[in-house]
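Numbers here are sequence positions counted from 1. Counting starts at 1 for both ligands and their atoms, in listed order.
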Amino acid sequence: MVDPATEEAVASVEQLDVDAVDAAVDRARRAWPAWRDVAPGDRARLLRRFAEAVDGDVDELAAIEVRNAGHTIGNARWEAGNVRDVLHYYAGAPERLFGRQIPVPGGLDVTFREPLGVVGVIVPWNFPMPIAGWGLAPALAAGNTVLLKPADLTPLTAIRLAELALEAGLPDGVFQVLPGRGSVVGERFVTHPDVAKLVFTGSTEVGMRIMAGAARQVKRVTLELGGKSANIVFADADLERAAATAPDGVFDNAGQDCCARSRILVQRSVHDRFLELLEPAVAAVRVGPPGSEDTTMGPLISEAQRQRVRGFVEDASEPVDVAFRGGAPAGPGFWYPPTVVLPRSADDAVWREEVFGPVVAVLPFDDEAEAVAMANDTEYGLSGSIWTRDVGRAIRVARGVQSGNLSVNSHASVRYWTPFGGFKRSGLGRELGPDALDAFTEVKNVFIATDQ
Ligand code: NAD
C-alpha cells in the first residue's frame, strides 16, 4: 500500500487466493445458522457494541484512511463516524423485521422476511469505510453472514473493522474481510454457489460483468455504479451560494466521488456571472497534506488515476479549454489541481464520461426543458443538484431528471436515513434508508389452513 500524498509505502497486505476464499465462504456458511437464530434483541445488542467499538476507534480508523487513501482528516473522521452511525441505525432493524398477515379465505396467511445466507460485499477504493458499512450493517442486521472484499488499493480500514467486530463480540465467521484482487476474490464471490447475494459498488463496466455472472446462478445483486451528475443552476437561484458551494459538490474527495456533480449546467443569462463567482470559490479550495486540519482536498489515489484525469484535460485527443483552476502541491504525491473546463459541446469526452477526478465542465442552457434534456443526456443517473428559488420548478425538474438522488439548493448526496442508488447504468437496487433490509432478505409466504 502506498500513501498517495507522499508515494511512500505504508503497509503490505497478503492477497488471498481462491482456496482461501473458499475456506472463508465455508466458515461463513457454517456460522450462518447460529447467527440467523440469535434472538433479535441480542443481534441488535451485538451491532450496537460493534458501533461503539468503531466509535472508540474513530481517530485510529481516520488516521489509517489518511495514509492509505489520501483522504483529508476531516473527511476520514466523518467516514469512520458514518460506519458507526449506520451500524447504530440498522441495530434497530432486527427487532423490526416485520412480516404481514394477509386476509385469505380458508385460513391464515403470514409472511416472514428470511435472511439469504452468505452475502459478499465488494467495495471500491474511493470511500472504503462508508461503502463497506452500507452493505455489511443491514446484511448482518437481517441475519446474514458477510464477506467483505476491500479494493486492492485500500484494504487497511476494512481489516481494522473486522478486528473491531471480533472485539465487540460478533461470533467467528459472521463478518470476514478478504483482501485480494477483483479478478480472484471478487470473481469467486460471483461464482461460488454458497454466496447467496452480491453487493457491488464500483465501475459500471465491472458491475455489468458481475450482473452477467450472477445470472448464471440467479444470484441476487445490488449494484452501485458510476455517475456523471448534473448541477443545474437557474437564473433565479441564489447564485452566490450556488457558486460558493459548487466546488464541494464536485471536488470533495478530489472528485473521486460517484455522486460528483461533474457537469454544471448554467442558465445562459447568468452563465458569465456564475463563472465569475465560481473562480474565487475554486481558488479557495485548499489542496495539500491530507493530515492537516485545514486541508479541504487531498491527492488522487494513484498515478494511474492521475494519468486518467490528465487524459480528459492536458492529454485529451481534442484540445480542452481550461477556464481556471486552483492550486496543487509540487513534488511527490498524486496531486491534481481543481480544474474548471468549458467543453465545446455536449459531445466532448469531459462532458460525457466519468472523470473521477477534480475536473468540472460547465455548459449553458436556455430554458427548463433544455436543462432537463441536457441533464438526462447521459447513460448515468446517480445524483444531481438543482438551484432555483421557484418551488414548482424545483419539483418539476427533480421529477424530470432521471437520477436516484437529487438535492435542491444543496449538494447533499448520501444520508443513511434515506434510500440511495442509481437509475440507468448507475446501478440497480437501493441501499440505506428504512427499506435496505429488503435487499438482504426474501419474503416467505406461509398459509395455515383453519378449515376443519
Ligand atoms: P472497480 O469496478 O474497478 O472496482 C470495484 C471493486 O470491484 C474493487 O474491489 C475491485 O477489486 C473489484 N473487482 C474488479 N474486478 C472485479 C471482477 N471481475 N469481479 C469482481 N470484483 C471485481 O471500481 P473502482 O475503480 O474501485 O471504483 C471507482 C468506480 O466506482 C467509479 O465508477 C465510481 O463511480 C464507482 N462508485 C460508485 C458508487 C455508488 O454508490 N454508485 C460509490 C463509489 C464508487
Side-chain angles (χ1 to χ4, degrees), residues 13 15-16 18 21 68-69 71 79 82 120-135 147-155 157-158 177-192 195 198-214 216 219 221-229 250 252-262 300-302 304-309 353-357 378-384 403-405 413-416 418-433 436 439:
V13 169
Q15 309 269 300
L16 299 188
V18 169
V21 178
N68 189 190
H71 288 199
E79 290 160 18
N82 183 258
V121 180
I122 302 174
V123 175
W125 48 260
N126 66 328
F127 289 111
M129 282 191 276
I131 291 173
W134 307 342
L147 302 172
L148 172 70
K149 192 202 99 59
D152 321 20
L153 294 172
T154 55
T157 44
V177 169
L178 310 183
R181 300 186 65 79
S183 56
V184 179
V185 179
E187 286 272 357
R188 189 62 185 136
F189 286 7
V190 178
T191 58
H192 199 302
V195 176
L198 300 166
V199 181
F200 172 80
T201 306
S203 60
T204 297
E205 193 187 348
V206 176
M208 291 192 295
R209 189 185 160 100
I210 290 200
M211 191 172 176
R216 285 186 211 112
K219 193 171 281 195
V221 288
T222 299
L223 300 174
E224 296 285 4
L225 310 177
K228 189 72 191 175
S229 297
V250 60
D252 188 50
N253 202 25
Q256 301 164 122
D257 181 345
C258 53
C259 291
R261 277 72 167 162
S262 54
L300 293 167
I301 188 73
S302 64
Q305 192 64 18
R306 183 161 61 176
Q307 293 303 334
R308 177 184 160 78
V309 175
E353 292 177 31
E354 185 177 45
V355 176
F356 228 54
T378 167
E379 63 187 25
Y380 297 113
L382 189 56
S383 198
S403 174
N405 314 274
S413 293
V414 190
R415 294 156 305 242
Y416 62 84
T418 56
F420 175 72
F423 278 41
K424 303 195 280 187
R425 290 190 184 205
S426 285
L428 193 68
R430 291 293 175 271
E431 296 190 293
L432 299 172

Is F356 in polar range of ligand 1, meaning some N or O pair under 3.5 Å apart? no
Give the contacting part of [X] toward ligand 1: side chain, backbone, both or neither, where contact means a heavy-atom distance below 4.0 Å.
X	answer
R209	side chain
F420	side chain
V185	neither
E354	side chain
C259	neither

Among [options], closest by any non-hydrogen atom to [atom]:
atom	options	result
atom 21 (N) of ligand 1	G186, A260, G421, S183	G186
atom 5 (C) of ligand 1	V206, T201, L198, L225	T201
atom 19 (N) of ligand 1	S302, P155, G120, G182	G182

How close do G384 and R261 get, heavy atom to heavy atom, and via which atoms? O-NH2, 3.1 Å
Using every non-hydrogen atom in the two residues, find where A436 and L432 come nearest and quote the distance to one decimal. CB-O, 3.5 Å
Quick one: does [X] get within less than 4.0 Å of ligand 1, heavy atoms only?
X	answer
G213	no
F200	yes
V123	yes

Need the ligand 1 atom indices (1-based, order shown) with element for anything under 4.0 Å from a heavy-atom of N126. 43 (C), 44 (C)
For W125, counting its heavy atoms only, list the atoms of ligand 1 lying under 4.0 Å from any of them. 24 (P), 25 (O), 26 (O)
With T157 via side chain to side chain donor-acceptor pair (under 3.5 Å) - residues at least two apart: E65
Under a 4.0 Å N-O cut-off, is there an ion pair linking R209 with E187? yes
Side-chain heavy-atom pair E379, R425 within 4.5 angstrom cut-off: yes
Any chance the rings of W134 and F127 have centres within less than 6.0 Å? no
